[in-house]
Structure formats: structure tokens, C-alpha cells
Amino acid sequence: MELAVGNSKELSKRQRREILGLREASVFTKKFLARRIKRLKWIDVLFHCMTLFFALLIPALLITIVYELYLGAVPSIHKFGLNFLTSTDWDPVASQFGALVPIFGTLVTSTIALIVAVPISFGIALFLTEIAPTSVRGPLGTAIELLAGIPSIIYGMWGLFVFSPFIAHNIQPWMHTHFAGLPIIGSLFQGPPMGIGMLTAGLILSIMIIPFISSVMRDTFLIVPVMLKESAYGLGATQWEVIWRVVLPFSKQGVAGGIMLGLARALGETMAVTFVIGNAHDLSVSLFSPGSTISSTLANEFTEAVGELYTSSLIELGLILFLITFFILALAKLLLLRLKKKEGLLQ
Amino acid sequence: MKFITQFQCFLAGLFLAISAASATDITGAGSTFVYPVISKWAEAYKKETGNSINYQSIGSGAGIKQIQNKTVDFGASDMPLKSEELAKGNLVQFPLVNGAVVPVIHVSGIEGGKLKLDGSTLANIFMGRIKKWNDPALMALNPGMKIPDQEISVVHRSDGSGTSFIWSNYLSKVSPDWKSQIGEGTAVKWPTGVGGKGNEGVASFVNQIDGSIGYVEYAYAQQNKMIVVQMKNKSGEFVQPNSESFIQAANAGDWATAKDYYLILTDAGGKKSWPIAGSTFVILHKTQENPEQAKQVLGFFHWAYNSGQKLASELSYVPMPAKVTAMIEKTWKSEIKTKDGKVISLP
């Protein structure tokens, strides 16, 4: 039987029914089905509406928060303008405020945290997925994830009472003797070894973000198809070659995502940093010197800020932190899009 | 049966709620400095009268904000408000209790109460002009003492605080350079040093960093057995920080001539006065909307001025002299009124 496509008037009744796939059905079944479909349709509509509401709620909240931040920061934006971003003044008595020192501190401590945490998390994830015997993987993995559960204020206290004396007595003098004399890098290691400062804050941040980065990396490494790895082994590749040339390229996206997660955590971390960064509003290149981050400044000074300009400057700092985090995450997304495109072209 | 038991439980709960409601809950917020003494007073007051005091030690600036917004019954601040600010908010203030701020040091070889300092040297240290412990200015004040050749690490407060206000107020009085360049306030532009959060933060930094100098409330210095210094007072005598010198400083205060009790006890006259003393001020609204509540609030302060003196002295605070408390209670009668202008009687 030919299928006549086009003018349906030429088809017989039977042909039409077969094309449309309708079967002979009793009136009762038809009515039952119709009612059922109507109820399911109603539930569906409700479900769609609810999930749409929840999905839109989050961007709406985000926009509200940013708008409130902007409203609060308006007096300070009017008074200082763009100078706010380049001034190192922080004078509550004379009402002169500048964000350069907190911004610098935030970026430097997060950079130190990433530089230390990424190789370590990488090592941890690889060890747990490729190298460790199976009996060890479970407990060790759980132990590392427990690190993520420690409240950040405990990290702050531990950092203040245990970690910074350790750094002051052991690590900083060693760094000072060996690196302070060098031409360009030397300026990073000047100043008395106090223990508290940007270096310690960066190190504690790195300990805090290791569980996040390593657990995401571990999950990504685990989903690499076994076939790919076995094929590589079959061709005579060593363990390192398999990791570097098969596992890692496959899980680029996950690794980048994990690093971004860790960075976002490090940028916003408040209590642990407030305890050990020394809270000084001086710009200094040296890692040993105290500094301040945006979140530590807000934590220290927000409740006591008297005066509209002071409070407004602090809110503007919060807005700047939001913008920094937003831009870094957007940049990361763009980077990943580019990588995917490249991969598509190569394939 | 089940319904009757439920009903009985409901009645029991209702009676408990009613009996709890008959005892008043007095709320206050502000200075962390007075928190130890207010909590001791609250315990004793509850035993005597059944009223509970709910005090939030969130800092002087936040306490001022809370009382201006009428969210608490009283605010406590180490920094007195100026007459214009009081008039703007229709507020009245009076001193509650006195205390002292002491410089603390951590230098190997120097014991507690041995090192002598004076106001201008202290200002120069905190301005970063005197950088080493064996600076000629320090050697001149301490002839014959062995002071090591060590860099001075300055520790100040990172958060806004009344302690910082008393400290910067004293330095402004003794050093014209400090007054013109930095000024006084709960948060100032510290020229040098690291910032610790709260008295505890400063105390822990000073304990950890060798060669450091900081300032804390006397109670903290005593509890943590820190190394204190002798200060040269206005009359030219070197005094130790102890209750006698604090009482002398408190008695030297000329409260009668201070408008709205705006008097800061730093650089007090008197032969044996401690130069860095200060008071905590209670701030109330002049028009009390709830006369019953106002009666209980004033009753608490009346009790504190009489039965609470011993407890305050036990905690190393200096109670207000009796003639000053009489003056203060007269101020209550003349300034604090109900909405229809009636005076509030004490319970």
C-alpha cells in the first residue's frame, strides 16, 4: 500500500486512520483516557509552573542582592568615584576610604591558595583514583572530605594558635635567609617573621580549598572510560603517560570546574583569614607583611561603622567582591567554552 | 483521656508563660569592655529581683546604632556621644563604670611593671617613628635597663572599639602630631602594625610576636598575665597599672562641669593617677514610651550603683564615686520622662 503524502482527501478512510495511528476504541476507554490525560496535563502544568518559579527565584534573588548592594554603595560611589579602586587610604576619622589594599589582599591570598592547593589536590585525586590500593581509597577519601566539614572559624583559631607560630619559627626564617637576597623575588620575603600575614592566610586558605578541588577532580577522573585507559596500557604506555595524556585531557572541564569552585571559596572566605592576616591597611609587596582582604575588612569593621560614608564604603567593598567573583567565574566559563569548541574542531 | 492530658499540658504551659512574663527582660547592647561586669551584675540582679538582663556585646558603635533605632532598652558605649548627637536623637547619657587601658609588651628580658614609658614616646612608637626597642628615647626613660636590639612590632585593634577610642584619645592629648595626623575614634588610620580582632586578638598577637607592643583592657592583661609597663602621668610621676592608680584617675574626673557627662578620663590630673583611664557610658532615650519598662531599667542601674560596686571592683573595674552617682540620679529625674512628661520613679 502506498503512503500518499499530501492531499489527504485522496486517501481512503482506512488509510487515514492507519497513517494517524489511531485504533478502534470503545467510547468508555476514550472517555477514561481523555479524563486521565486532562488530569495529567493539569499536574504537568502545575509542575512546570512550580519548577519555573524556583528556577527564576534564584536569579531574582541575585538581582535583588546586587541592587541592594548598589543602593547602599551609592553615597560612596558619588564621593570617591573611580579613585576608590586605586586609593590606599583607609581613614575612618577623616572619612577617606580606598579599596586598593583589600582588593590586593584578596587577590594575593587567593593566588597563593591556588598555587599551593592545585598541585596538592591533583596529587591527592590521582593517588586516590589510580595509584592507591582499593582498600585504602575509601577511608582516605573520606578523611580528606572531612577537612571540608571543619568550620572556618576553627581553621582561624588553629591558624592563629598553632600554625602561625610554626610558620614564624620554622618556615619564614628559612625563606628569609634563602630568598630575601634575590633580585626581584627577594622583595616578596622582606620584613620581620611575625607569623601572621598574607603568606599564612594564603596557606590556610589552600588547606581549606584542597578538599573541594580534590573531590571534584576525583569524581572527574573516575568517569574516564576504563576502555581508554586499558587501550593506552595495552599500547605500552606507562602510568604517568596514561595519566598525563589520557585521563587529564579527558577531564579538562571537570578539573577547571573544580579549580574555579576552590577559587570562589577562597575569594569569599572570611573568618579564617580575619584571624591570621593581621588586618593592616598598608600596601606591601612582601608576603610576610600583614594585609587585609575585602571579607576580613567587612567582618572587622561593619558592626562598628558609624557614619553614612563609612558604611557605604564597606558596602561598596562588598559590591566589588561580588563583581570580582562574578568576572572570574564568567572568565572560567568562557575559557571552557573555547576549549570545547577547540575539541569539537579537532574531532 | 488523651484530650484531657493535652489540655492540662496546655494550661501548664500557659501558666509558665504568664509567670515568666511577669519578670521583665531588660535588653541592652554595646561595649565589649563592660560585658564581664554586666553579666556578673545580671546574675546577681536576677537572683535578687527576678528580672533578667539581656546584653549583647557587639561593640560601642553597634550599641549606639541599636539604641538610636530603639531596638534595645539601653546602649553602652566607651565613646561618649557629643551634645549635638544626643540632641539629634533625643538621648541622654551617663557614665556607668570606669576602667583602664594598659600597654602590654613582649620583649625577652623585660619583666612586668619594669619598663617605663611616657605619652609622647608611646605616640612615636605607634606612629612608627621609633622602630627599635633600644632607641635612645626608650633608653633615656629607662637608664640602666638591658633592652635588646629588636624591632618593635606594633599591635592594635582591627575592629572598631571603645578601647581604641580611649587609647587614641590619650595619644591625641599627649602628642600634637598624633592629633593632627591621625586623630581619635573607635577606628583610626593606624600608621603601622598589625590589627587583632577584639581584646583577645590583641592579647594573643602580643603573646606570640616577640618584640611586640599592644594595648588591652586591664582585665585582659590581668587574666592573661601579660607584661605591663609603667606610665608617666600628667603630674610627671611614673605609676603602675593597679586599682589605686585607677581609682585616683576616676576621682580626678570633674563630672560636675562636663555637659551631658562628656568627659574622658585620659591624661587625668592627680599625683598617682593612671593616665589611660576611661568610662563606659549608658545611653537612654529621654522620652520613655513604656513607663513600666523604664522603671525596671533605671532600677537596674540604681542597683548597680549601690549593690553592684563590690562585684565591679572584684573584676578590676573602678566604680563611680558616690557623689557622681547622686548627680546622675538627679539627671534621671530631670531628663528622663514618660510621654506625658511624668518623672519615672524607681522600683
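Note that the structure is predicted; figures quoted are calculated from it, not measured. Just so we're on the same page: letters track the sequence lines, and every chain starts at 1.
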Is it true that atom [atom1] of [X] has more than 12 heavy atoms of other residues, nucleotides or ligands lying nearer than 6.0 Å?
X	atom1	answer
A:Leu146	CG	yes
A:Phe326	CZ	no
B:Lys132	NZ	yes
B:Lys82	NZ	no
A:Met271	CE	yes
B:Lys179	NZ	no
A:Leu61	CG	yes
A:Glu308	CD	no

Given side chains that start at C-beta, do those of [X] and [Y] come closer than 4.5 Å, heavy atoms only?
X	Y	result
A:Glu301	B:Asp159	no
B:Val194	A:Met194	yes
B:Trp190	A:Asp282	no
B:Lys197	A:Thr274	yes
B:Gln208	A:Phe161	yes

Which atoms of [X] come close to chain A, meaning under 4.5 Å heavy atom to heavy atom: side chain ones, backbone ones, both, or neither?
X	result
B:Ile209	side chain
B:Ser168	neither
B:Ile64	neither

For B:Phe205 against A:Phe275, the heavy-atom pair lying closest together: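 Looking at all heavy atoms of both residues, the shortest contact is CZ-O, 3.5 Å.
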Could you report the tightest heavy-atom contact between B:Ala187 and A:Val93, atom names first, then the distance?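 Result for this residue pair: O-CG2, 3.8 Å.
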Proximal component of A:Ala299, with respect to chain B [non-hydrogen, under 4.5 Å]: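 For A:Ala299, the backbone is the part near chain B, not the side chain.
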At a 4.5 Å cut-off on heavy atoms, which part of A:Leu160 comes close to chain B: side chain, backbone, both, or neither?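 It is both, since atoms from each part get that close.
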Only pairs of heavy atoms separated by less than 4.5 Å count here; which of B:Gly195, B:Gly201, B:Gly193 has the most with chain A?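 Top option by heavy-atom pairs under 4.5 Å: B:Gly195.
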Can you tell which of B:Ser212, B:Gly211, B:Ser204, B:Gly63 has the highest number of heavy-atom pairs within less than 4.5 Å of chain A?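 Ranked by heavy-atom pairs under 4.5 Å with chain A, first place is B:Ser204.
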What's the spacing between A:Ile196 CD1 and B:Ser153 OG if we round to 0.5 Å?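 The distance works out to 8.5 Å.
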